[in-house]
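Here the structure comes first, spelled out in structure tokens, and everything after it is commentary.
Within every chain, numbering begins at 1; the chains are lettered A, B, ... in the order of the sequence lines, protein sequences first and strands thereafter. Quick note: numbers below take in every heavy atom, side chains included, and nothing from hydrogens, waters or symmetry partners.
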Amino acid sequence: MPIGGNMKKEIKVMQGNSAIARGAWEAGVRLAAAYPGTPSSEILKEIADNYPEIYAEWAPNEKVAVEVASGASIAGARAMASMKHVGMNVASDPVMTLSYTGVKGGLLIVVADDPNVHSSQNEQDSRNWARFGKMPMLEPSDAQECKDFTKIAFEMSEEFDTPVFLRTETRVGHSDSPVVLENRVESKIPTKVDQKEAQKYTMVPINVRVRRKVVEERMKRLEAYADEFKFNKMEINDTRIGVITSGVSYLYTKDVFPEYSYLKLGMVWPLPKKMIDEFYKKVKKVIIVEELDPFLETEIKAMGYKVFHGKDVIPNMYELSPEIIEKALKGKKYKEPEIRVKTDELPRRPPNLCAGCSHRPLFYALKKLGAFVFGDIGCYTLATAPPLQAIHTTVCMGAGIGEAHGAMKVMGNEGLGKVCAVIGDSTFLHSGVTPLMDIAYNKGNSTTIILDNRITGMTGHQEHPGTGFTVRQEPTYAVDYAELGKTLGIQSIRKIDPYNIKESMEVIKEEMEKDCSSLIVCTNSPCIMLRREKRKFEHPTYTIDEEKCRGCKACLEIGCPPITWIEKEGTTKDGHKRKGMVSINKDTCVGCGVCVQICKFDAIVPAVK
Amino acid sequence: MKENGKVTNIFLSGVGGQGTILASNILAEVFLKAGYDVKKSEIHGMAQRGGDVTTHFRFGKKVYSPLIKYGDADFLLSFELLEALRYINWVKPDGKVVLNRQKIYPPSVNLGLAKYPENVEETFKKFFKDNVYVVDGQEIARKIGNIQAANVVLIGAFSNFFPKIKESQWVDAIKTLMPQKLHDLNIKAFQEGRKAL
Ligand SMILES: Cc1ncc(C[n+]2csc(CCOP(=O)(O)OP(=O)(O)O)c2C)c(N)n1
């Protein structure tokens, strides 16, 4: 591990994700494709911003990203696709078969897990893909390893003719530590396609059966390689206890139990059988520390070894941390730090839609209509929280549209006027087009609302095929949602300005009641944080007319951050008693005027900043 | 500063949009250049949406875990009072606490469903006595003309705890991490913060 004092080499503190980008550049990568998802999004952004030698693109979804990278690999270039853990579900169709075709230029698939679901819809353990798909997987623990493992992954990919997984997680991709910088080395494989290789890349049964065997043989060779792999490391200290671990779990455990012996796996699949055997001979008892599933534990037990401690004490859900590991392994001997304040009882601070966000008035309208809203994933999912509580399902990207269709099919006329689906622009292009096509094709009558805020908001403003810009900010074509809906065969297509609550309610009500397929597109509603496109509001900010506010709390129903309730009895100018009043923070109010439309007493008035 | 071999743990907390991440980047840059191993971990997926943001920053001769062990923070540097209180149990009994005197109401308080905790400063003083330092980052930043620079004001105040690091090392880090047009403002913010404690 480099220490900052050694200034001969260039050392930089880097985020794990930036280090992966750097590693890709140093490895001579020519193409990188991705669809955003926390905690992986920075990888492609870093590549696009800093490494012009690499062609970079935001693909509409992870499956496409992998296919684009695969094409580049077949043409001989080193290529990669990066995604969050659930992105791998979407990409799994090509990936599972790319295991058979293998690669020409090195092909890396970065999959970023999110233990503790800091920002996801589930908590799956991506190591299972490596076993399932019969491909090797590397797991770095800090930024230097992120870079080193990325580089060696490309060598492995070419040597073993296989895609290689790099598995990170929130505490790896989003942690920073020093990295030694090196130069880029171009790949020696020529860029060209060759028809003679058709059998290798065309997975029809007769070819599949050939490749199927190749896959098994490859795994055998990889197992032997794992025993020699330089990032599988044994550290023998106190031999009474040996810990088998990997990734960030190694760092946590090493921090609290520096005296133990360690087998730190840089490659989590396939496992180094000889090395494990050797470790078992060197230490008395073995503890396995791993986050999420008992992946290593199951395998090591299946090899016939005894595991002194594993998932019997280490939790199999949420994320690990130094104290969780210490507590698990010390048991009763663990000393809890002093509890000074019962912090669980403090008011929580969940994320909220921004002041002025175009999603807020739309969900207020849906709430007032009493609609059952099949939701999707994005900033707008925050509308499930109080006080809006206007999203009633969220499963995976693109799910809401098909779900609304299915619900309407069984509810018949009973469903008319009661159900709709909402979906963000990026999410719609990711996986909402096919279910919309399904509604048209199968003569559905459900209503789909596209919340077009001109950007992928949730994950930090990535471009997508509807924004008109590429990842490198070059102007390009932009999808027209209404035209697309028409082409698919949607019968009724409307546009609304979500900031006009009354009009939105009328249009949505009409469309939900109609016995035909409907598409409603929100327009002139860019993300309030987007610099490029700004909606003009009439006034810069608003304030409360204290003579008029009756303290009815209607404006609190939108949960807008600048609006605060102040409990203090009083009376309005015209003599109405009130229990309290609201106040608007002028610094944070952006003047969207949504609360003004809700106030029945004209108590919210324009102001200057 | 700690004797060689020990790791110093700094826990930063605040609210999305307050610039905690930049503040921790400055720390990382300074301590790396001063010859230490550093590690930093943060949760910022939802930061833009006004959720709470925490950063674990650690430096020493050799640092393994990117996360501080619960109860093991040598310093708590907090940008918002409720977010300071939320992590009070993370601090070692003899740890030091730097508080920014700012309150940002969470949704439940805005809606009148919960109360913003009172007497946060006093609570800290009860447990940490003289090791509690309070700065009015906003006010100082406002005086120099931009409340956005409150985060760097706090770093300026915090820099006093590391006497071996020279002012120029902090200024260099600010220059490395920020675009040129923001240098003057932020160096001023740093210097004013440094004078505040
Ligand atoms: C398969 C998959 N890929 C990526 C993500 C991460 N993710 C969640 S929502 C979202 C896009 C949100 O953008 P948009 O639909 O435009 O809504 P907005 O946040 O702008 O309101 C992304 C990339 C995910 N949850 N699942």
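Neither the backbone nor the side chain of B:Phe124 comes within contact range of chain A, judged by heavy atoms closer than 4.5 Å. Using a 4.5 Å cut-off between heavy atoms, A:Glu557 does not touch chain B at all. Of the two parts of B:Ser24, neither the backbone nor the side chain holds a non-hydrogen atom closer than 4.5 Å to a non-hydrogen atom of chain A. With a threshold of 4.5 angstrom between heavy atoms, A:Ile563 approaches chain B through N, CA, C or O but not through any side-chain atom. Interface remark: A:Val341 contributes backbone and side-chain atoms alike to the contact with chain B (heavy atom separation under 4.5 Å). Residue contact with chain B, scored on non-hydrogen atoms closer than 4.5 Å, involves the side chain of A:Cys379 exclusively. Looking at A:Leu320, only its backbone comes within 4.5 Å of chain B, counting heavy atoms on both sides. Neither the backbone nor the side chain of B:Leu113 comes within contact range of chain A, judged by heavy atoms closer than 4.5 Å. For B:Asp72, no part sits under 4.5 Å from any heavy atom of chain A, backbone or side chain.
Chain B forms the most heavy-atom pairs under 4.5 Å with one residue out of A:Leu556, A:Leu346, A:Asn585, A:Ile566, and that residue is A:Leu346. The residue among A:Lys553, A:Glu567, A:Arg348 with the most heavy atom pairs within less than 4.5 Å of chain B is A:Arg348. Top candidate by heavy-atom pairs under 4.5 Å with chain B, chosen from A:Ile339, A:Val172, A:Thr170, is A:Ile339. Here A:Thr564 is the residue among A:Asp114, A:Leu353, A:Ile325, A:Thr564 with the most heavy-atom pairs under 4.5 Å with chain B.
B:Tyr70 and A:Glu323 make their closest contact through N-OE1, 2.9 Å (heavy atoms, listed as atom of the first residue, atom of the second, distance). Contact between B:Leu111 and A:Trp565 at its shortest, heavy atoms only, is C-CB, 4.2 Å. Residues B:Lys69 and A:Val256 approach most closely at CD-CG1, 3.5 Å, considering heavy atoms.
At distances below 3.5 Å, at least one donor-acceptor pair connects side-chain atoms of B:Asn110 with backbone N or O atoms of A:Pro561. Between the side chain of A:Arg349 and the backbone N or O of B:Leu82, no donor-acceptor pair lies under 3.5 Å.
One finds no salt bridge joining A:Asp255 and B:Lys39 here, because no Lys/Arg side-chain nitrogen approaches an Asp/Glu carboxylate oxygen to under 4.0 Å.
For the pair A:Arg340/B:Pro93, a side-chain contact is recorded, criterion being any heavy-atom separation below 4.5 Å from C-beta on. Residues B:Asn25 and A:Asp176 meet the side-chain proximity criterion, which asks for heavy atoms closer than 4.5 Å. Residues B:Pro66 and A:Leu251 have side chains in contact (heavy-atom distance under 4.5 Å, counting atoms from C-beta outward).
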TODO: Please test A:Ile11 against B:Lys33 for side-chain contact (heavy atoms from CB on, under 4.5 Å), starting from the C-alpha separation and ending with a verdict.
DONE: CA-CA 9 Å; A:Ile11 297 172; B:Lys33 290 281 161 66; over 6 Å; no

